[in-house]
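Structure record follows, encoded as structure tokens.
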Number of protein chains: 2
Amino acid sequence: MSNTYHWKFKVSGRIWLDCNEHSFLGQGKVELLKKIQELGSLRQAAQAMEMSYRQAWENIKKINTCAPEPMVILKRGGLNGGIAELTPFALKTIHDFEKLNDSFEAFLISQSDILNND
Amino acid sequence: MSNTYHWKFKVSGRIWLDCNEHSFLGQGKVELLKKIQELGSLRQAAQAMEMSYRQAWENIKKINTCAPEPMVILKRGGLNGGIAELTPFALKTIHDFEKLNDSFEAFLISQSDILNND
DNA sequence: CTGCGTTGTTCAAATTAAAACATAACGCAT
DNA sequence: ATGCGTTATGTTTTAATTTGAACAACGCAG
């Protein structure tokens, strides 16, 4: 430490994706998408995340309308009452976002170091 | 572009500083601090930012209690009814945060490029 | 064609957040 | 002492957000 201001500041932050100036995908929505993939049901995914069905449904609506192509296919009726499934585009975007988020985490750590050491 | 997913995603985000697991300084509060430095009055700074005095005051309280040392000296009474002024520590921290934010902007741009070009 | 569990939608209720109001405390100037 | 403009804080109102309950629409299984 080369000066007197050496207290521990942590640099924190969040990132998300915009499309047409609208935010449409961040960590929370990615979590929801992954739960949908795991459970095959929007209602169950919402319940698993302790989120209201309405909120979950609106999140998916926002994702599908903002993104350049749909990410979640929702169908009602049928064998188990309905289906929620991800498109290949969703899978790729989730993967991209998580890689991006890893880079961001590394950025935060490196910047915390810089901030506390000069 | 080497694949079919070449639509323009923009990576956006926000960063802030934590101290003892509490967020205490982000872009908004830095703006407020700079207005205080400019005007010498918390009330006038709040008004200039179209923010309620109460909100401004609570922001300063949070900054002063969370930060390792005070950033704003508030005094009531006296010549002009009162004074609000920044400490040297505040000036340094503002400068650090703005440099940090510049790095972050660059990070966002570079990541947007990566996301849209691979 | 009935039952089932889901998606899709509305609407009142409840919770939370923000703004507005009121007023005390302060210290310098006059 | 009085006035002034500020800091400091409690209280009340209002607005915004979220939740919950309710119910229609759907399509397969039996």
Side-chain angles (χ1 to χ4, degrees), chain A residues 14 16 22-67 69-87 89-91, chain B residues 14 16 22-67 69-87 89-91:
Chain A
R14 289 236 157 214
W16 57 86
H22 292 89
S23 161
F24 79 100
L25 195 71
Q27 192 129 38
K29 292 197 180 74
V30 165
E31 293 289 320
L32 179 60
L33 291 180
K34 291 171 81 174
K35 274 288 175 211
I36 289 172
Q37 183 186 25
E38 178 187 340
L39 300 171
S41 156
L42 178 55
R43 167 157 266 118
Q44 286 173 36
Q47 189 172 347
M49 293 187 66
E50 294 183 354
M51 166 190 299
S52 70
Y53 171 80
R54 184 198 183 84
Q55 190 177 19
W57 181 82
E58 279 172 352
N59 279 339
I60 298 307
K61 185 182 175 187
K62 182 160 200 178
I63 291 171
N64 278 345
T65 57
C66 286
E69 58 177 285
M71 291 195 176
V72 185
I73 308 295
L74 298 173
K75 294 175 185 161
R76 60 180 168 184
L79 180 51
N80 295 312
I83 274 182
E85 59 184 359
L86 303 191
T87 65
F89 177 64
L91 296 177
Chain B
R14 290 235 157 214
W16 58 86
H22 291 90
S23 161
F24 79 100
L25 195 70
Q27 191 126 40
K29 293 197 179 73
V30 165
E31 294 290 319
L32 179 60
L33 291 180
K34 291 170 81 174
K35 274 287 173 211
I36 289 172
Q37 182 184 26
E38 178 187 340
L39 301 171
S41 156
L42 179 54
R43 168 155 265 116
Q44 285 173 36
Q47 191 172 346
M49 294 187 65
E50 295 184 353
M51 168 190 300
S52 71
Y53 170 80
R54 185 190 190 86
Q55 190 178 13
W57 180 82
E58 278 172 353
N59 279 339
I60 298 306
K61 185 182 175 187
K62 183 161 197 176
I63 290 171
N64 278 345
T65 57
C66 286
E69 58 177 286
M71 291 195 175
V72 185
I73 308 294
L74 298 173
K75 295 176 185 159
R76 58 179 168 184
L79 181 50
N80 295 313
I83 274 183
E85 59 185 0
L86 303 190
T87 64
F89 177 64
L91 296 176

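Quick note on labels: first sequence line is chain A, next is B, and so on, each numbered from 1. Just so we're clear, the structure is a prediction, and the values are computed from it rather than from any experiment. What's counted below: heavy atoms across the whole structure, side chains too, no hydrogens, waters or symmetry copies.
Here D:dT9 presents its P atom at 10 Å from CG of B:L74, a figure rounded to the nearest Å. We find that CG of A:L42 is positioned 13 Å from P of C:dT9, with the value rounded to whole Å. Note: CG (B:L39) to C1' (D:dG5) measures 15 Å, nearest angstrom. Protein atom OH of A:Y53 is 9 Å distant from nucleotide atom P of C:dT9, rounded to whole Å. Remark: C1' of D:dG27 and CG of A:N80 are 12 Å apart, rounded to the nearest angstrom. Rounded to an integer number of Å, the gap from NZ of A:K61 to P of C:dT9 is 7 Å. One atom, CD1 of B:I36, and another, C1' of D:dT6, lie 13 Å apart when rounded to the nearest Å. With rounding to whole Å, B:K75 atom NZ is found 24 Å from D:dC4 atom P.
Residues that satisfy the side chain to side chain contact (heavy atoms under 4.5 Å, CB included) test with B:Q47, not counting sequence neighbours, are absent from this structure. Under the side chain to side chain contact (heavy atoms under 4.5 Å, CB included) criterion, B:T65 pairs with B:K61, not counting sequence neighbours.
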Give the table of side-chain donor-acceptor pairs shorter than 3.5 Å for residues 75-82 of chain B, with sequence neighbours excluded, one pair per line with atom names and distance.
none

Using distance only, find each side-chain donor-acceptor pair of residues 26-35 of chain B under 3.5 Å and give its atom names and separation, not counting sequence neighbours.
| from | atom 1 | to | atom 2 | distance (Å) |
| --- | --- | --- | --- | --- |
| B:Q27 | OE1 | B:N101 | ND2 | 3.4 |
| B:K34 | NZ | B:E98 | OE2 | 2.7 |
| B:K35 | NZ | B:E38 | OE1 | 3.4 |

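Here the closest heavy-atom approach between residue A:L42 and residue A:A84 is recorded as N-CB, 3.7 Å.
Checked against C:dG8, C:dA29, D:dA8, the side chain of A:W57 finds its nearest nucleotide in C:dG8.
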Can you check nucleotides 19-25 of chain D for protein contacts, nitrogen or oxygen pairs under 3.5 Å, and list what you find?
| from | atom 1 | to | atom 2 | distance (Å) |
| --- | --- | --- | --- | --- |
| D:dT19 | OP2 | A:Q55 | OE1 | 3.3 |

Please produce a list of atom pairs where a protein N or O lies less than 3.5 Å from an N or O of nucleotides 12-17 of chain C.
none

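Annotation: of the two residues near DNA chain D, A:L79 and B:L79, the 5′-most nearest-nucleotide partner is B:L79.
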